[in-house]
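Each remark here refers to the structure printed beneath this line.
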Amino acid sequence: MTIQNTRGRFITLEGGEGAGKSTQAARLESRLRARGFEAVLTREPGGSPLAEQIRSAILSGAIAPLGPAAEAVMFSAARIDHLRHTIRPALDSGKWVICDRFSDSTRAYQGALGNLDPQFLRELERVTVGPTRPDLTIVIDVPAELGLARARARSAFADRFEAEGLAFHEALRNAFLDIAVDEPRRCAVVDGAGDADAVSDTIWRIVCERLVESPEPSPEKKAAP
Ligand code: TYD
C-alpha cells in the first residue's frame, strides 16, 4: 500500500497508561520513512526544550496540589511551546508529525481527574491549539487493568498519573472512547490488547485509508471552536 499525496500531516496517538502509544508511534514513523516521507516523531508533555522543563514539573507531582485546572493550564503552556517550536515548523515544511499524546489527553486526563467545566477545557484548547488540529487521531484502547499492569511492569516508579486508582483509569478509558464517538472523522479507535505487530498493521491501514482517501481537513476540524 502506498500513500500518494505529499503534504505533511498531523497524526496524534492517544490512550491511557500502558496502551502502547510510544511503541506504535515509533513504528508508524518507521513505516512513513520507509516510504520516503519525512516524519517527525514527538511527544507530549514535552517535545521542545521549554515544554520538557514543564513536563518535569508536572510529572514530579509539584503542580498537583494546585489542582486539575492548574495542571490543565500547565499542559497547555507546554503545548503552546511545542506547537510553536516543533509541530508547526515541521508541518509548514511538509513533514508528517506523529505526536505521542496531544490535546485529547488534556480533555481526558484533566477532565476525568478534575471534573473540570467542559467549557473551560474547550476554551483552553481553542486558545492553545488554534488551527493546528490533528488530521488523524488514533485512540489505542486497552482495558484499564491491562494498561496499568503494563505500565507497572515497565517501571517500578509510578508517575503522577500512574499512581491514580483503577476507577480513574476506567474513567479515562471512557473519556477517550467518548472523544472518538464525538469526532469520528478525526478519530479511529484501535484495540491495543493484541500483539504489537497486529496493532501496528491496523494503524498503518487506517493511516493509508484516512489520509489518502480524505486529504481535506475533516468537517469537525473546520468547525472546531
Ligand atoms: P508519560 O511518561 O509520557 O506517559 P505515557 O507513556 O503514558 O504517555 O507521561 C505523561 C503523563 O501525562 C501521562 O500520565 C498522561 C499525562 N498527561 C495529562 O494528564 N494531560 C496531558 O495533556 C498530557 C499531554 C499528558
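Values below: all heavy atoms of this structure, side chains included; hydrogens, waters and symmetry mates excluded. For ligands, and for the atoms within them, numbers begin at 1 and follow the listed sequence. Fair warning: this is a prediction, and the values are worked out from it, not measured in the lab.
Using a 4.0 Å cut-off between heavy atoms, L59 contacts ligand 1 through its side chain alone, with no backbone atom that close.
For the residue pair R133 and S103, no side-chain donor N or O sits within less than 3.5 Å of a side-chain acceptor on the partner.
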Side-chain donor/acceptor pairs under 3.5 Å, residues 71-78, sequence neighbours excluded:
from	atom 1	to	atom 2	distance (Å)
E71	OE1	R160	NH2	3.3
E71	OE2	R160	NE	2.8
S76	OG	A72	O	2.7

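One finds a salt bridge joining R107 and E183 here, because a Lys/Arg side-chain nitrogen approaches an Asp/Glu carboxylate oxygen to under 4.0 Å. One finds a salt bridge joining R126 and E123 here, because a Lys/Arg side-chain nitrogen approaches an Asp/Glu carboxylate oxygen to under 4.0 Å. R210 has no carboxylate O lying under 4.0 Å from a charged side-chain N of D135, or vice versa, which leaves the two without a salt bridge. The pair R43-E52 counts as a salt bridge, with a side-chain nitrogen and a carboxylate oxygen less than 4.0 angstrom apart.
Against a heavy-atom cut-off of under 4.0 Å, R79 is close to the following atoms of ligand 1: 22 (O), 24 (C). The contact set between ligand 1 and E44, taken as ligand atoms under 4.0 Å from a residue heavy atom, comprises 24 (C).
Of the protein's non-hydrogen atoms, T106 OG1, 2.6 Å is the one closest to atom 22 (O) of ligand 1. The shortest contact between atom 13 (C) of ligand 1 and any protein heavy atom is with E17 OE2, 3.5 Å. Scanning all protein heavy atoms for the shortest distance to atom 21 (C) of ligand 1 gives F75 CD2, 3.3 Å. The nearest heavy-atom contact from the protein to atom 20 (N) of ligand 1 is Q110 OE1, 2.8 Å. Ranking protein heavy atoms by distance to atom 10 (C) of ligand 1, first place goes to P45 CD, 3.7 Å. In terms of protein heavy-atom proximity, atom 2 (O) of ligand 1 is closest to R55 NH2, 3.1 Å. F161 CD1, 3.6 Å is the protein heavy atom nearest to atom 16 (C) of ligand 1.
Backbone and side-chain nitrogen or oxygen atoms of R101 are examined, and one is located within less than 3.5 angstrom of a nitrogen or oxygen of ligand 1.
For F176, there are no ring pair (Phe, Tyr, Trp, His ring centres under 6.0 Å) partners two or more places apart in sequence or in a different chain.
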Using the side chain to side chain donor-acceptor pair (under 3.5 Å) rule, take T128 and R79 through it: C-alpha gap first, then chi angles, then the decisive distance, then the call.
CA-CA 7 Å; T128 302; R79 185 161 301 130; 5.9 Å; no
